[in-house]
Amino acid sequence: MATVSIIYFSGSGHTTKLAEAVTKGAASVAGVKANLVSINGDDIVKGRYANDAVLAQLDASDAIIFGSATYMGGPAAQFKAFADASSAKWFTSAWRDKIASGFTVSGSPSGDKFSTLQYFHTLAMQHGMIWIGLGEMPMQSNGVNRLGAFSGAMGQAMMETPNVAPNDADKLTGEILGKRVAQFALKLKK
Ligand SMILES: Cc1cc2nc3c(=O)[nH]c(=O)nc-3n(C[C@H](O)[C@H](O)[C@H](O)COP(=O)(O)O)c2cc1C
C-alpha cells in the first residue's frame, strides 16, 4: 500500500475542486490510499503555520502533491506559511526521496500560474523529493491540459462559482496528475 497526500490551500473553493479531482485520480489506483488535506488559515498563529498532525500525516506519505490558488503571481500566503513550517522536516531530511508534484488554479488563462508550480518544484527540490510532471500533450481534443502546462496541473477559474470552474477538462487534467503520481508512488514502494 502506498499513501499519497494532497495538501492544498483554497481561499474561495476553486482550488478545492481541483484538489478533489487530483485525489480522485490518486485513489483510483489499486493499492494506493489518498489523503486530501487542506491548509486551514486558523492553523497560522502569529504568522506561523502550526499543525503538527498535518506534518506527521505528510511524514507518513510516500508522495505529497502540493496545491494552492495562485495569488499575486505565486502560491497563497497560507501555503507559504505551511511551506515555511516544513523547514522542520528539512532539518531531518524527513521528506527526502518522497515523490512530489503540484497543481494550481488562477483567474486568467496564464495568470502567472507557472510561478506557483515552479515554487512547488523548488520546495520539493529543497526537501530532496522526486518531481513528477503532468506527462500529457497540450490542448487535447477532450480538453485535457487545455492550458498547456507540463510541470503540473493547471486550472482556471475567475468569478464563477466553484461548481462551474475549474471546468471538467481541468478536473480531468487534475485526475490524470493524481493517478500518475499514485502509479509512480506504488512503483517506488515496490
Ligand atoms: C489575493 C488574490 C490574488 C490573485 N492573484 C491572481 C494572479 O496573480 N493571477 C490570476 O490569474 N488570478 C489571480 N487571482 C484570482 C484567483 O487565482 C482565482 O480566482 C482562483 O480561482 C482562486 O482560487 P480559490 O477559490 O481556490 O482561492 C487572485 C485572487 C486573489 C483573491
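In the hydrophobic clustering of ILVMFWY residues, with side-chain heavy atoms under 4.5 Å counting as a link, Leu147 and Leu18 come out apart. Taking hydrophobic clusters as Ile, Leu, Val, Met, Phe, Trp and Tyr residues chained together by side-chain heavy-atom distances below 4.5 Å, Met129 shares a cluster with Ile7. Using a 4.5 Å cut-off between side-chain heavy atoms of Ile, Leu, Val, Met, Phe, Trp and Tyr, with links allowed through other members, Tyr8 and Phe114 fall into different hydrophobic clusters. A continuous path of ILVMFWY side-chain contacts below 4.5 Å connects Leu55 to Val37, so both sit in one hydrophobic cluster. Ile39 is not connected to Val4 by any chain of hydrophobic side-chain contacts under 4.5 Å among Ile, Leu, Val, Met, Phe, Trp and Tyr, and they are in different clusters.
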Take Phe82 and Phe66 through the test side-chain contact (heavy atoms from CB on, under 4.5 Å) and record every step on the way to the result.
CA-CA 10 Å; Phe82 153 77; Phe66 302 118; 4.1 Å; yes
Show, in sequence, the C-alpha distance, side-chain angles and deciding distance for Val54 and Tyr49, and conclude whether the side-chain contact (heavy atoms from CB on, under 4.5 Å) test is met.
CA-CA 10 Å; Val54 165; Tyr49 181 80; 3.5 Å; yes
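When every heavy atom of Ile6 is checked against every heavy atom of Ala34, the shortest pair comes out as CD1-CB, 4.4 Å. Contact detail for Val29 and Ala182: the closest heavy-atom pair is CG2-CB, 3.7 Å. The minimum heavy-atom distance between Pro162 and Lys17, with the atom names listed, is O-CG, 3.3 Å. The shortest non-hydrogen separation linking Val181 to Ala63 is CG1-CB, 3.8 Å. Heavy atoms only, all atoms of each residue included: Ile65 and Gly178 are closest at CD1-CA, 4.3 Å. The minimum heavy-atom distance between Ala19 and Leu36, with the atom names listed, is CB-CD1, 3.8 Å.
Counting only residues at least two apart or on different chains, the ring-ring contact (aromatic ring centres under 6.0 Å, His included) pairs with a member in residues 131-160 are His121-Trp131. Pairs of residues two or more places apart, or lying in two chains, that qualify as salt bridge (Lys or Arg N to Asp or Glu O under 4.0 Å) and include a residue from residues 19-47 are Lys24-Glu175. Annotation: salt bridge (Lys or Arg N to Asp or Glu O under 4.0 Å) contacts involving residues 139-155, sequence neighbours excluded, comprise Arg146-Asp170. Every pair passing salt bridge (Lys or Arg N to Asp or Glu O under 4.0 Å) that includes a residue from residues 78-90 is listed here, sequence neighbours excluded: Asp59-Lys89, Lys80-Asp84. Legend: salt bridge (Lys or Arg N to Asp or Glu O under 4.0 Å) pairs involving residues 62-77, not counting sequence neighbours, sorted by first then second residue: Asp62-Lys189.
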Acceptor/donor pairs from residues 101-111 side chains to any protein atom, 3.5 angstrom cut, sequence neighbours excluded:
{"residue": "Ser101", "atom": "OG", "partner": "Ile132", "partner atom": "O", "Å": "2.7"}
{"residue": "Thr104", "atom": "OG1", "partner": "Ser68", "partner atom": "O", "Å": "2.6"}
{"residue": "Thr104", "atom": "OG1", "partner": "Thr70", "partner atom": "N", "Å": "3.4"}
{"residue": "Thr104", "atom": "OG1", "partner": "Thr70", "partner atom": "OG1", "Å": "2.7"}
{"residue": "Ser106", "atom": "OG", "partner": "Ser108", "partner atom": "O", "Å": "3.2"}
{"residue": "Ser106", "atom": "OG", "partner": "Lys113", "partner atom": "NZ", "Å": "3.1"}
{"residue": "Ser110", "atom": "OG", "partner": "Asp112", "partner atom": "N", "Å": "3.3"}

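Grouping Ile, Leu, Val, Met, Phe, Trp and Tyr residues whose side-chain heavy atoms lie under 4.5 Å apart, directly or via other members, places Trp90 in a hydrophobic cluster with Phe91. With a 4.5 Å cut-off between side-chain heavy atoms of Ile, Leu, Val, Met, Phe, Trp and Tyr, the cluster of Met72 takes in none. In the hydrophobic clustering, where aliphatic and aromatic side chains (Ile, Leu, Val, Met, Phe, Trp, Tyr) are joined below 4.5 Å either directly or transitively, Met159 groups with Met158.
Residues Asn40 and Asn51 fail the side-chain proximity criterion, which asks for heavy atoms closer than 4.5 Å.
Heavy-atom contacts from other residues, nucleotides or ligands closer than 6.0 Å to CE of Met139 number 12 or fewer. For Lys171, the NZ atom is densely surrounded, since the number of other residues' heavy atoms within 6.0 Å is greater than 12. Counted within 6.0 Å of CG on Asp52, heavy atoms from surrounding residues, nucleotides or ligands total 12 or fewer; the atom is thus considered open.
Separation of atoms CG (Asn142) and OG1 (Thr173) is listed at 8.0 Å; rounding is to 0.5 Å. Annotation: the span from Lys98 atom NZ to Leu188 atom CG amounts to 10.5 Å, rounded to 0.5 Å. Of the inter-residue distances, the one linking Met125 atom CE with Leu123 atom CG reads 9.5 Å to the nearest 0.5 angstrom. A distance of 10.5 Å separates CD1 of Ile64 from CD of Gln57, quoted to the nearest 0.5 Å. With rounding to the nearest 0.5 angstrom, the OG1 atom of Thr116 is 11.0 Å from the OH atom of Tyr71.
A donor-acceptor distance shorter than 3.5 angstrom exists from the side chain of Arg180 to the backbone of Gly133, with no hydrogens or angles considered.
Remark: Phe9 engages no residue in a ring pair (Phe, Tyr, Trp, His ring centres under 6.0 Å) (not counting sequence neighbours). Every side-chain hydrogen bond (donor to acceptor under 3.5 Å, both in side chains) that Ser61 has, sequence neighbours left out, goes to Ser5. Residues satisfying the side chain to side chain contact (heavy atoms under 4.5 Å, CB included) test with Glu136, not counting sequence neighbours, are Leu134, Gln140, Val144, Asn145, Ile176.
Relative orientation of the Phe79 and Tyr119 rings is perpendicular, given thresholds of 30° and 60° on the angle between their planes.
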